Amino acid sequence: MTSTDVSKDAEDSGPSGYAAARLRLLTEEARSGPPRRAALAELTDEWLTGLFAAGAEGLRGVSLVAVGGYGRGELSPRSDLDLLLLHDGTDSGAVAALADRIWYPVWDLGLALDHSVRTPAEARKTAGEDLKVQLGLLDARHIAGDLGLTAGLRTAVLADWRNQAPKRLPELQELSAERAERQGELQYLLEPDLKEARGGLRDATILRAVAASWLADAPREGLDDARRRLLDVRDALHLTTGRATDRLALQEQDQVAAELGLLDADTLLRQVYEAARVISYASDVTWREVGRVLRSRAVRPRLRAMLGGGKPTAERSPLAEGVVEQDGEVVLARAARPERDPVLPLRAAAAAAQAGLPLSLHAVRRLAATVRPLPTPWPAEAREQLVTLLGSGRPTVDVWEALEAEGLITRLLPDWERVRCRPQRNAVHIWTVDRHLIETAVRASEFTRRVHRPDLLLVAALLHDIGKGWPGDHSVAGEIIAKDVAARIGFDRDDVAVLSTLVRHHLLLVDTATRRDLEDPATVRSVAEAVGSQGTLELLHALTEADALATGPAAWSSWRGSLVADLVKRVAAVLAGDDLDEPEAAAPTAEQERLAIEAMATGSPVLALRAQTEPLTEEQPPGDPEPLGVELLIAVPDQPGVLPAVAGVLAMHRLTVRTAELSALDLPDGVEGSVLLLNWRVAAEYGSLPQATRLRADLVRALDGTLDIAGRLAERDAAYPRRRGVVPPPPRVSVHPAASRLATVIEVRAQDAPGLLFRIGRALEDASVRMRSAHVSTLGANAVDAFYVTGPEGAPLPGEEAAAVARKLEETLRG
């Protein structure tokens with residue numbers, strides 16, 4: 001069906017005809033994107049023109065004007081109709097009646113309407129007071145009525161905007177920054193707002209407004225295409241949800257991808273991120289240019305007076321060979337020859353990052369257009385400039401993004417293309433893969449004084465997740481890529497081996513420290529064998545912390561840092577030749593010993609609940625000790641069912657378990673018996689923490705069997721069902737036979753939920769295994785727990801029996 005056919009239907013049938021024609025247009029599979037948006041705007045224009053003509057017969061000095069997105073002809077399926085009824089003020093009563101004749105049919109069809117009735121003077125006054133109104137009027141488009149009235153308003157509004165731009169653009173920039181702070185950056189969010197997030201459709205509209213001011217213009221390359229892609233995604237979102245929404249929720253991404261003919265939700269997000277990155281970079285460049293122009297205007301009168309009316313010459317300060325600073329930006333020197341100097345892009349980038357200055361758009365584009373590829377392997381200067389860039393701290397981010405916007409990064413590092421704009425569907429991660437790698441380098445730059453080879457640390461930070469663009473284990477794939485990249489950029493064979501080891505094992509320390517028994521010699525020895533040398537261990541320790549800090553708030557804490565430091569200390573001892581065959585058990589603290597003795601004396605659990613803090617070290621800044629959380633210490637005479645009892649009581653009291661350790665405690669000489677010590681870090685899910693006396697009373701009842709924990713938890717779940725959200729992946733239970741010589745290690749990975757640890761503990765008790773120790777950690781919404789278990793006689797479980805226990809536990813958790 002052609003647009004003419006659709007329009008005829010609308011004319012013939014009035015409002016109902018418009019509704020039918022609109023529906024047919026939106027369901028046409030052959031038409032989508034800009035043609036459909038333009039056709040929808042044209043169809044709506046003709047319908048509204050008919051409504052206007054029917055109500056304005058004999059009325060002069062009035063016009064109907066589309067503003068905002070409708071004014072631009074960008075109607076998405078559920079877009080608002082932004083309309084202005086403009087009049088000359090001669091017959092307000094007739095204009096009000098005409099407004100009713102137009103607005104009510106729109107409302108009757110269930111269309112969202114943003115409307116106003118104003119004279120040109122009122123419209124200009126309102127625009128002067130409200131930036132949103134002024135931005136909408138910049139896109140004013142005549143629909144029906146007095147064309148001269150509409151044209152006069154457009155001319156006046158544009159003139160006002162240009163005259164007031166020096167005052168209004170800084171105000172607009174401030175409002176944009178506040179909105180970005182609230183909504184986040186579109187190019188990194190898993191559930192982005194396509195309109196309001198930074199780099200979204202609102203920013204694309206603002207760039208049009210800045211261009212209309214004649215003060216500055218955005219870089220045009222790719223901008224229209226980025227805007228079109230975001231509009232296409234919003235169209236598909238409206239069609240799949242049937243709602244006027246701009247938020248691309250997780251549960252709708254597969255449907256939206258299918259509507260657009262894309263492979264999957266990840267492909268969809270990557271396209272959204274790429275578009276947002278173009279708009280964000282264009283915004284940065286444009287606002288920088290606005291600032292430069294306004295500063296120039298402010299100082300020009302004074303300079304002219306000082307120089308006798310002559311034109312001032314911009315000062316150029318050398319930064320590096322072929323690189324200078326001018327007007328607060330890094331530009332190429334006049335004598336620079338990018339076509340003869342393949343290291344110049346890295347030299348310019350390093351100089352800009354070191355100076356904390358942006359790279360000029362003109363400079364980056366000239367480099368992209370003329371520079372020759374680097375030879376393989378890279379010359380030493382190129383490698384050194386890359387390391388300097390990576391070690392420059394926070395300014396590295398903006399400089400890297402400038403290079404990436406013009407395709408220079410993928411020309412330097414072709415493997416970067418696979419991680420560029422790649423989403424990470426993990427609540428712990430707050431960045432895309434590529435931005436996470438840069439953030440890790442920024443964090444690693446803070447640790448360069450802690451290691452002997454800061455260059456290897458920074459390059460490892462850049463490459464540690466490079467394998468995420470490939471199938472399988474990203475650490476394994478990344479090791480192969482890192483070897484190739486390290487050799488290509490000029491590292492020698494020994495350094496290549498270190499870098500590949502760092503990439504292969506970048507998760508080893510934190511995984512082992514939080515999920516394994518550090519008192520077990522096999523644990524420490526396996527890490528030492530993987531790392532291989534003291535120097536590599538030092539680098540891996542710094543990389544581990546930088547990686548976690550760059551991941552997000554949930555990935556690192558002082559508690560995790562202390563566990564990793566403890567593991568590093570033990571591994572360093574092994575690498576230095578110390579023997580771990582006869583390890584000495586860690587001495588209990590005075591409080592642990594006191595609780596254990598009291599538990600043995602009373603034959604019942606004893607506990608202490610308090611805030612836990614970490615004492616200051618010489619490296620920490622002055623101030624209060626850093627809080628680690630709320631620590632719950634429990635000592636219980638050794639008996640079956642301790643773990644599920646404690647976990648169940650905590651779940652009943654709505655306490656979220658962040659970390660947990662269970663171990664047997666050696667008592668002082670002369671005290672007979674065995675005590676289990678549980679060291680938990682917990683947080684209240686709602687309200688404040690319960691009193692320790694209440695926890696102890698319920699724990700006593702749980703251990704003697706008079707408290708039905710399973711029944712209480714089931715009743716609560718039935719009374720307060722959890723909201724349905726994104727379906728998490730199923731739990732996975734695995735056996736790690738080589739992780740310990742003293743016990744069988746069973747690892748559980750599952751979605752964190754109230755009562756999860758209770759269910760695990762009860763399932764292990766039902767399997768008639770003894771728990772030697774437990775190591776529980778929560779990362780965002782994911783629980784990763786390791787349990788060291790033995791048979792009744794205290795020996796590791798035979799292989800088949802261990803596998804059967806794991807299968808049974810997984811079935812229990814899936815059920």
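Small disclaimer: the values here were computed from a predicted structure and weren't measured.
A salt bridge does not link Glu274 to Arg277: none of the charged side-chain nitrogens sits closer than 4.0 Å to a carboxylate oxygen. Salt-bridge check for Lys125 with Glu129: passed, with a basic side-chain N closer than 4.0 Å to an acidic carboxylate O.
A ring-centre distance under 6.0 Å is found for Trp416 and Trp400.
Atom CG of residue Asp203 and atom CD of residue Gln183 lie 11.0 Å apart, to the nearest 0.5 angstrom. Lys132 NZ to Thr126 OG1: the interatomic distance, rounded to the nearest 0.5 Å, is 13.5 Å.
Tested against Asp434 for a side chain to side chain contact (heavy atoms under 4.5 Å, CB included), the candidates Glu417, Arg422, Glu404 yield a single pass: Glu404.
Both tests pass for Arg450 against the ring of Phe447: distance under 6.0 Å to the centre and angle within 45° of the axis.
A donor atom on one side chain and an acceptor atom on the other are found under 3.5 Å apart for Arg234 and Ser76. Side-chain contact, His436 with Asp547: a donor N or O sits under 3.5 Å from an acceptor N or O. No side-chain donor from either of Glu325 and Ser317 sits under 3.5 Å from a side-chain acceptor of the other. Side-chain atoms of Thr245 and Arg247 include no donor-acceptor pair closer than 3.5 Å. Residues Arg347 and Gln385 have side chains that never bring a donor and an acceptor to within less than 3.5 angstrom of each other.
Although no hydrogens or angles enter the test, the distance criterion places no donor-acceptor pair under 3.5 Å between the side chain of Ser296 and the main chain of Arg292. Judged by distance alone, the side chain of Gln424 and the main-chain N or O of Trp431 form a donor-acceptor pair under 3.5 Å.
Within the structure, the salt bridge (charged side-chain N to carboxylate O under 4.0 Å, His left out) test picks out the following pairs touching residues 146-163 (sequence neighbours left out): Arg124-Asp160.
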